[in-house]
Number of protein chains: 2
Amino acid sequence: MKISGTSLNLSVTDYGITLDPTFTMLEFDGLRVLPVQTDLLIPGHASASAPDPVPQQSSMNLCAICADRATGKHYGASSCDGCKGFFRRSVRKNHAYTCRFSRQCVVDKDKRNQCRYCRLRKCFRAGMRKEAVQNERDRISCRREGQAVGTLTIDVLLQAEAFTQNPSQNLMRDINTKKIACVGDVCESMKQQLLLLVEWAKRIPEFCTLSVDDRVALLRAHSAEHLILGVARRSLPYNDIILLGNDFIIPFRGTEQEMSKVASRIFEELVRPLKELNITDTEFVCLKTIVFFAPDCPGLQCVQAVRRLRFQAQVLLDEATSEQRGRFGELLLLLTTLQSVAWQMVEQLQLMRLLGKANVDSLLMEMLLGEEATRGPEALPASESNPEALIFSTAAESVLSRGILTEHIPMPNFTSVILPVPSTLPEDPLLPTHTGPEVFTHEQAADMPREMSSSLAMPTVHTCL
Amino acid sequence: MKISGTSLNLSVTDYGITLDPTFTMLEFDGLRVLPVQTDLLIPGHASASAPDPVPQQSSMNLCAICADRATGKHYGASSCDGCKGFFRRSVRKNHAYTCRFSRQCVVDKDKRNQCRYCRLRKCFRAGMRKEAVQNERDRISCRREGQAVGTLTIDVLLQAEAFTQNPSQNLMRDINTKKIACVGDVCESMKQQLLLLVEWAKRIPEFCTLSVDDRVALLRAHSAEHLILGVARRSLPYNDIILLGNDFIIPFRGTEQEMSKVASRIFEELVRPLKELNITDTEFVCLKTIVFFAPDCPGLQCVQAVRRLRFQAQVLLDEATSEQRGRFGELLLLLTTLQSVAWQMVEQLQLMRLLGKANVDSLLMEMLLGEEATRGPEALPASESNPEALIFSTAAESVLSRGILTEHIPMPNFTSVILPVPSTLPEDPLLPTHTGPEVFTHEQAADMPREMSSSLAMPTVHTCL
DNA sequence: TGAGTCGGGTCAAAGGTCCC
DNA sequence: AGGGACCTTTGACCCGACTC
């Protein structure tokens with residue numbers, strides 16, 4: 001802030017107004033700048049009328065308080081760095097000094113530190129104004145300081161994501177060499193991706209601290225959205241197809257009507273906007289985490305913890321997108337679209353299953369079609385937010401699933417999935433066990449031959465945890 | 001913070017004005033210096049219930065970052081010289097700042113120098129773009145771009161909202177005097193609210209510039225969400241009930257199971273979070289507008305225009321919530337919950353209709369249950385985002401509606417609703433006509449006696465426009 | 001063409017840093 | 001625990017290219 005240099009002598013009149021009544025330097029406030037000094041501060045004024053023996057040039061270079069060499073004007077008076085700093089510290093800290101003598105101490109370069117009371121008084125008399133001292137500013141020095149809203153960090157999320165990525169698809173083979181998926185291929189890919197989702201979640205320490213029931217609840221609640229989100233990201237480089245995790249593709253035309261319809265929505269409503277936004281890896285993992293830690297989750301016990309985690313994730317996304325206005329909002333708004341597409345996919349899957357066109361195994365049943373047998377009587381009455389439960393829940397009030405649909409195709413009883421799970425899995429060299437180290441990788445899921453993985457004895461979420 | 005260099009009477013600097021007598025020098029008075037504690041950052045725990053900011057008075061003259069006097073547009077945002085220089089220096093030197101607090105520092109004229117991280121972030125959020133900062137003394141001729149965020153303003157939205165509010169409910173009569181709604185009451189209220197939604201939309205100039213087909217498409221696409229959003233807001237003062245627009249209530253228990261279930265979800269998943277956030281009117285109208293201008297809308301032709309409008313709305317919401325970190329995200333994330341609850345309500349309504357428990361008239365059929373006969377052959381193949389269409393669409397591939405459900409209850413043919421609508425309505429003194437002035441108000445809809453409004457000859461959206 | 005806009009740059013006077 | 005030499009940042013003001 002620049003102040004006209006000639007107006008300084010008018011500026012001292014307001015001290016009393018802005019002063020704190022308890023301000024202990026009050027007695028300085030009535031002081032006026034000494035006339036002689038004022039003249040010296042006005043360039044071009046002294047030479048005309050005052051026969052000052054000291055040349056103007058040198059007086060400007062002298063501190064008006066202690067006559068040390070001045071480094072410029074500070075707070076309204078030409079002063080040295082010492083008096084400048086002294087004045088700032090005194091005002092900032094609201095220091096109250098007292099004179100041990102009779103308030104007539106000499107203040108010069110040598111003795112300026114002998115009486116702070118007289119030095120500060122001379123600062124005011126020289127024209128320094130406490131109003132010119134500003135508020136404390138930000139630090140300049142760049143010490144790295146972790147700030148962490150919570151404990152979730154981008155790094156953890158990126159690592160979890162990298163762990164469950166399929167590097168073999170990175171080399172972007174020619175699309176023409178890829179095969180068009182049949183319904184079985186789609187189900188197979190979904191199953192693989194769901195297993196990878198479990199592995200992904202297990203890489204998030206905060207997830208692991210939740211109860212088993214809550215972990216299962218989270219994994220089930222939005223698995224369909226995760227499948228869609230994953231396939232949308234995977235399909236970003238392409239224009240006319242959806243690329244599955246097992247390297248099959250779904251074109252928009254030329255395959256089953258139902259599949260191409262969902263695929264087309266994925267492209268138009270998700271892939272296209274994501275392309276336009278040019279979503280980064282960081283943003284993607286944040287979105288995924290936001291979807292994952294959904295507090296409106298059927299049967300969730302520790303709602304507050306999950307809320308906190310989602311809050312952290314959305315703040316992380318906010319930080320990651322802060323350089324482009326509107327970007328954060330656009331990304332978050334894609335989640336409603338994601339939810340819509342996911343629900344349509346689930347409905348299609350349910351239809352295919354009911355029509356006998358798809359062989360849906362128990363893991364898909366449990367995670368995608370909303371088998372809810374795990375919900376005990378303590379389940380929250382108001383937590384019916386997953387779409388599957390709405391349409392085909394086991395809830396007694398659903399006429400669709402019980403009154404009509406199940407007349408045609410009885411739904412198997414899946415209460416077995418909540419039975420205690422053995423701590424070790426059936427012996428299978430390809431599978432990780434609960435007792436062994438976590439060595440489950442994409443090679444074992446995503447790249448697993450279909451014939452083998454479709455017979456995996458790993459049907460429930462509980463088993464995977 | 002410009003000081004006229006020629007006037008001497010400006011001796012009281014801006015800093016002097018802002019020097020609060022109670023300012024303690026050492027503390028960041030305005031800042032919430034919170035310990036890094038996640039609990040405090042969760043919306044419900046936030047102490048500050050941001051009061052509605054003063055409606056932008058001459059906002060073009062204010063710096064969008066610190067509210068100092070703006071000197072014009074700089075790098076994409078109306079800003080003062082200070083923020084202009086700060087942004088340029090930051091971008092040029094590629095500075096990476098760190099917030100010493102929790103990244104929600106207030107950035108105003110007084111405190112803008114207290115946290116460079118938050119200041120820079122606010123620059124970006126206000127629309128400044130890195131690319132607008134040029135390297136050296138070279139000038140790129142590409143002027144005129146970037147800005148034109150849009151024409152939507154908070155004021156227009158607030159006025160449209162006020163117009164469709166029911167003032168008689170503001171005096172918050174005793175809940176005990178209100179009657180419990182039966183299914184018919186609910187349908188009646190929904191119909192009234194849908195008519196008010198049309199009136200609300202007509203108060204938004206940008207909506208009126210769209211084609212009739214697009215207007216109808218927007219009104220249909222998310223009407224269920226608007227009903228839920230409205231009822232949630234209306235129910236904010238209460239704890240155990242949902243308050244309908246026609247003053248009936250829905251308790252969580254003691255009425256039909258289906259109704260109380262949705263009501264309970266509305267409360268637990270929407271009213272409760274909104275209460276904790278203490279949502280303002282400004283935020284509410286922004287949310288409503290974001291829901292309304294959904295670009296993934298079946299049959300929408302002018303997708304880009306709608307996208308722009310939603311973008312404007314979400315940026316307005318962002319600006320309205322920028323004082324509290326995470327608030328914007330929490331509000332946006334409620335929209336997925338809103339979508340979920342709305343779909344459940346639609347499903348319940350459909351069930352009630354199919355079971356003969358509800359008398360659903362053609363307006364509700366068209367707007368809530370997704371009659372899609374208006375979609376011509378030019379309809380976008382990939383725009384099936386409305387939930388009703390998913391579940392009970394007339395699309396040939398839906399086994400649910402055609403193959404199974406309609407075996408029991410044949411669906412009437414509603415193609416009549418798209419027939420050309422006569423430019424004048426059947427004579428009815430209560431109804432506005434297309435040729436007359438717009439005099440439709442809440443007195444005519446929300447406060448209309450049930451017996452009359454249920455026989456309104458206003459069945460289609462087209463007719464209302 | 002001439003006022004307005006918005007890029008650029010400058011530098012006095014604020015700020016902060018850190019050894020003594 | 002300040003003091004003060006020394007360095008960084010701020011922002012009011014100016015310039016110039018471009019637009020209308």
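In the text below, chain A, chain B and the rest are named by the order of the sequence lines, each starting its count at 1. Heavy atoms only: backbone and side chains are in, while hydrogens, waters and symmetry mates are out. Remember, predicted model here, so these are calculated numbers, not experimental data.
Protein atom CD of B:Glu131 is 13 Å distant from nucleotide atom P of C:dG8, rounded to whole Å. Rounding to whole angstrom units, CG of residue B:Leu120 and P of D:dT9 are separated by 13 Å. The distance between atom CG of A:Asn94 and atom P of D:dG2, rounded to the nearest whole Å, is 14 Å. B:Phe86 has its CZ atom 13 Å from the C1' atom of D:dT8, to the nearest Å. Distance, B:Gln114 CD to C:dG15 C1': 12 Å, rounded to whole Å. As a whole-Å value, the separation of B:Asp110 CG from D:dT10 P is 16 Å. If you take CG of A:Asn135 and P of D:dT10, they are 15 Å apart, rounded to a whole angstrom. When the P atom of C:dC11 is taken as reference, atom NZ of A:Lys73 falls 18 Å away, rounded to whole Å.
Side-chain contact between B:Arg121 and A:Glu319 is present, with at least one heavy-atom pair separated by less than 4.5 Å. Contact of the A:Asp81 side chain with the A:Lys84 side chain is registered, since non-hydrogen atoms from C-beta on lie closer than 4.5 Å. Using a 4.5 Å heavy-atom cutoff, the side chains of B:Arg100 and B:Tyr117 are not in contact. Taking 4.5 Å as the limit, some side-chain heavy atom of A:Phe86 sits within range of a side-chain heavy atom of A:Arg119.
B:Asp214 pairs by the side-chain contact (heavy atoms from CB on, under 4.5 Å) definition with B:Leu210, B:Ser211, B:Leu300, B:Gln301, B:Cys302, not counting sequence neighbours.
As judged by a 4.0 angstrom heavy-atom cut-off over every strand, A:Arg69 is placed among residues making no nucleic acid contact. Residue B:Gly82 is in sugar-phosphate contact alone, with no base atom involved, counting any heavy-atom pair closer than 4.0 Å across all strands shown.
Ranking D:dG11, D:dT8, C:dC6 by closeness to the B:Asp81 side chain, first place goes to D:dG11. For B:Tyr75, the listed nucleotide lying nearest its side chain is C:dG8; candidates were C:dG8, C:dA13, D:dG11. For B:Gln134, taking side-chain heavy atoms from C-beta onward, the closest of the listed nucleotides D:dA12, C:dG7, D:dT9 is C:dG7. Checking C:dG16, D:dT9, D:dG11 against every side-chain atom of B:Lys93, the shortest atom distance belongs to D:dT9.
Phosphate proximity of C:dG15 to A:Arg139: absent, as no side-chain N or O sits under 4.0 Å from OP1 or OP2. Listed pair B:Lys84 / C:dG8 fails the phosphate criterion, with no side-chain N or O lying under 4.0 Å from OP1 or OP2. Between A:Arg137 and D:dT8, a side-chain N or O to OP1/OP2 separation shorter than 4.0 Å is absent. Contact annotation: A:Asn113 side-chain N/O to D:dG4 OP1/OP2 distance is under 4.0 Å. Between D:dG2 and A:Tyr97, no contact under 4.0 Å exists linking OP1 or OP2 to a side-chain N or O. Side-chain N/O atoms of B:Arg119 include one lying less than 4.0 angstrom from OP1 or OP2 on D:dG11.
Looking at A:Arg88, its side chain comes within 3.5 Å of the base of C:dG16 through a donor and an acceptor atom. Below the 3.5 angstrom threshold, one finds no donor paired with an acceptor across the side chain of A:Arg92 and the base of C:dG15. Put simply, the side chain of A:Arg89 and the base of D:dG4 share a donor and an acceptor less than 3.5 Å apart.
The 5' end of DNA chain C is approached more closely, in terms of each residue's nearest nucleotide, by B:Val133 than by the other of A:Asp138 and B:Val133.
For A:Thr321 and A:Glu283, the side-chain atoms include no donor-acceptor pair closer than 3.5 Å.
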